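After the structure tokens below, expect a handful of questions from me.
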Protein chains: 2
Amino acid sequence: MLDFELLAKSPVFMGISAERLFEIMQQVHYQVKGFQKNELVVHAGDECNRLFIVLEGSVKGEMADYTGKTIKIEDIEAPRPLAAAFLFGKNNRFPVTVIANEQVSLLSISKPEFLKLLQQDSRILTNYLNSISSRAQFLSQRIKFLSFKTIRQKIAHYLLDLAGDRLAVVELPLSQAQLAEFFGVTRPSLARAMGELDHEGLIEVQRRSVRILDKQKMNELLKG
Amino acid sequence: MLDFELLAKSPVFMGISAERLFEIMQQVHYQVKGFQKNELVVHAGDECNRLFIVLEGSVKGEMADYTGKTIKIEDIEAPRPLAAAFLFGKNNRFPVTVIANEQVSLLSISKPEFLKLLQQDSRILTNYLNSISSRAQFLSQRIKFLSFKTIRQKIAHYLLDLAGDRLAVVELPLSQAQLAEFFGVTRPSLARAMGELDHEGLIEVQRRSVRILDKQKMNELLKG
DNA sequence: CGGAGTTTGTAACATTTGATACATCCCTAA
DNA sequence: TTAGGGATGTATCAAATGTTACAAACTCCG
């Protein structure tokens, strides 16, 4: 039996009461599938023609590089959907291989049936649109970030963005190692670049807290 | 008067007859706005709560860097929509400033009215879903590409992708300069890297045509 | 055929970053 | 308090890429 209380917490069905969700779901076909730990859920490259939502447990997305070695991309826990941005679009194939982390159950709705839901309930529609739009926006931001050439530029962009209009002291929300990974650089390189900016008087670094001293010059770094 | 023949060619309304489109559009509120050459259409940061579709002429998207200098991002010509991926989502604000390249007219539909269209016609719905999903997929691919560290890896990935299962001679669809820009590297660096791969016997370069000699080693380059 | 403009190949040098190693600082638990 | 582990700062050297400049090849016209 489907747990509608839980399902109503999923990003796709958020804002809909469990009662209403019960009514809605009676009008479409869906399945609930169970998987054992380490069982293959979908294989990268498979056509993505059903929406999956994790109801119980968690799954992991893995991507195979060219040599066959797999690396873990992300965990998806209940009640989140799976690859929502790949149900539609030109290349509607799973970009990753999905494997059950533990005993899981998944809600599975075919694309045509899900379309019915979208047309029937405007809340589901806006939820879904918001979800894939947010993803596109996130990716767009990420690309803008990756397009900065030097580490100094990435730091400047990151700090200015973090500081916003507020006062000039920023507390870094990530450790140096995490930040380096986010920037796509090595940790010592990041530390060096921040040290240089410190010596040059643009910022003042004290472990996790950074004071922006020369906003003007920080901006100029981004000129390119 | 709206040109429904043209509008039916827009990605959002593709596959719908002009007659049907005429009927549909009678049921929602919309406006057609004209702009002079160089007139400001939307300002970066403005809330994006209407869908705009270019009906006539073309507009350009510009982005201001931190110094205030603007750089052109892209041209959008009739009958394409404007920032379709920013109507919904968490940050529904225009990422770019849009300016009319010439005398243009734009179809403008408010978000609630556009939602009506999406619910009313499944073709419009799938068109729109496909559109932003494709964008997310494109961006996702782009990020994967940008995540390759070395130029050699980018070349290997690009050539293997281009070659696919076909024969081993590939004709580059881009000039070296364009390719370098796509890779985010300088042209001489790209030429050097290709020259090295040539000397090492992995490929054979003859200006725009490239023969892949050692697919095995090319794959190994991508190991990391 | 010939010359101008564009694209491509190459070279020398400067800069940036990665890799590795190690010292120092901070926090926490015994 | 103190030992130990993790996070951070710094140094050194190697590798990759950018910068600049120029030569060679190709293309398009006249």
Side-chain angles (χ1 to χ4, degrees), chain A residues 65 71 145-159 162 169-213 217-218 220-224, chain B residues 65 71 145-159 162 169-213 217-218 220-224:
Chain A
D65 61 18
I71 49 175
F145 193 81
L146 287 171
S147 71
F148 287 117
K149 296 280 185 204
T150 69
I151 299 182
R152 295 166 73 94
Q153 288 185 321
K154 295 184 187 192
I155 295 172
H157 176 70
Y158 184 81
L159 290 179
L162 205 61
V169 180
V170 189
E171 202 70 21
L172 298 181
L174 300 176
S175 76
Q176 212 178 69
Q178 292 172 312
L179 202 55
E181 190 184 346
F182 182 66
F183 284 7
V185 301
T186 59
R187 191 198 60 76
S189 293
L190 174 61
R192 170 174 45 198
M194 292 195 64
E196 284 170 5
L197 291 176
D198 185 316
H199 287 316
E200 292 167 25
L202 301 199
I203 61 180
E204 198 177 281
V205 183
Q206 204 137 23
R207 294 183 83 80
R208 292 281 274 263
S209 81
V210 179
R211 173 188 296 271
I212 298 176
L213 297 175
K217 284 192 181 173
M218 291 286 276
E220 281 171 18
L221 278 183
L222 299 171
K223 275 189 179 176
Chain B
D65 61 17
I71 48 175
F145 192 81
L146 287 172
S147 71
F148 287 117
K149 296 278 184 205
T150 70
I151 299 182
R152 296 166 72 93
Q153 288 184 320
K154 295 184 187 192
I155 295 172
H157 177 69
Y158 184 80
L159 290 180
L162 206 60
V169 180
V170 189
E171 201 72 19
L172 297 180
L174 300 175
S175 76
Q176 213 178 70
Q178 292 173 312
L179 201 56
E181 192 185 344
F182 181 66
F183 283 8
V185 302
T186 59
R187 192 197 59 77
S189 293
L190 174 60
R192 170 174 46 198
M194 292 195 65
E196 284 171 6
L197 290 177
D198 185 317
H199 288 314
E200 293 168 24
L202 301 200
I203 60 180
E204 197 176 282
V205 183
Q206 203 136 21
R207 294 184 83 80
R208 291 282 273 264
S209 80
V210 179
R211 173 189 297 275
I212 298 176
L213 296 176
K217 283 192 181 173
M218 291 285 277
E220 281 173 17
L221 277 183
L222 299 170
K223 276 187 180 179

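Note on naming: letters A, B, ... go to the chains in the order of the sequence lines (proteins, then strands), and numbering restarts at 1 for each one. Keep in mind that this is a model prediction, so the values were computed, not measured.
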Assign B/Ser189 to base, sugar-phosphate, or nothing according to its heavy-atom contacts below 4.0 angstrom with the strands shown.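 Contact class for B/Ser189: base.
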Per atom distances to the A/Thr186 side chain, the nearest of C/dC25, C/dT17, C/dG18 is C/dG18
A/Arg152, CZ: over 12 other non-hydrogen atoms inside 6.0 angstrom: yes
So for A/Arg187 and C/dG18, does any side-chain atom that can act as donor or acceptor lie under 3.5 Å from a complementary atom in the base?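 Counting by modelled atom types and ignoring angles, no donor-acceptor contact under 3.5 Å is found here.
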The residue, A/Lys149 or A/Val205, whose nearest nucleotide of DNA chain D is more 5′ is A/Val205
Determine the contact category for B/Arg208: base if any of its heavy atoms lies under 4.0 Å from a base atom, sugar-phosphate if only primed atoms, P, OP1 or OP2 are that close, otherwise nothing. sugar-phosphate
Of A/Ile151 and A/Arg207, the one whose closest DNA chain C nucleotide lies more 5': A/Ile151
CD/A/Glu196: more than 12 non-hydrogen atoms of other groups inside 6.0 Å: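 Check passes, neighbour count above 12.
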Out of D/dT12, C/dT8, D/dA16, minimum distance to the side chain of B/Ser175 belongs to C/dT8
Parallel, tilted or perpendicular for B/Phe145 and B/Phe182, by the 30°/60° rule? tilted
Shortest non-hydrogen contact from A/Ala193 to A/Ile155? CB-CD1, 3.7 Å
note: B/Leu179, atom CG; C/dT6, atom P; distance rounded to Å ~ 20 Å
D/dT17 C1' sits how many Å from B/Arg152 CZ, rounded?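 Result: 13 Å.
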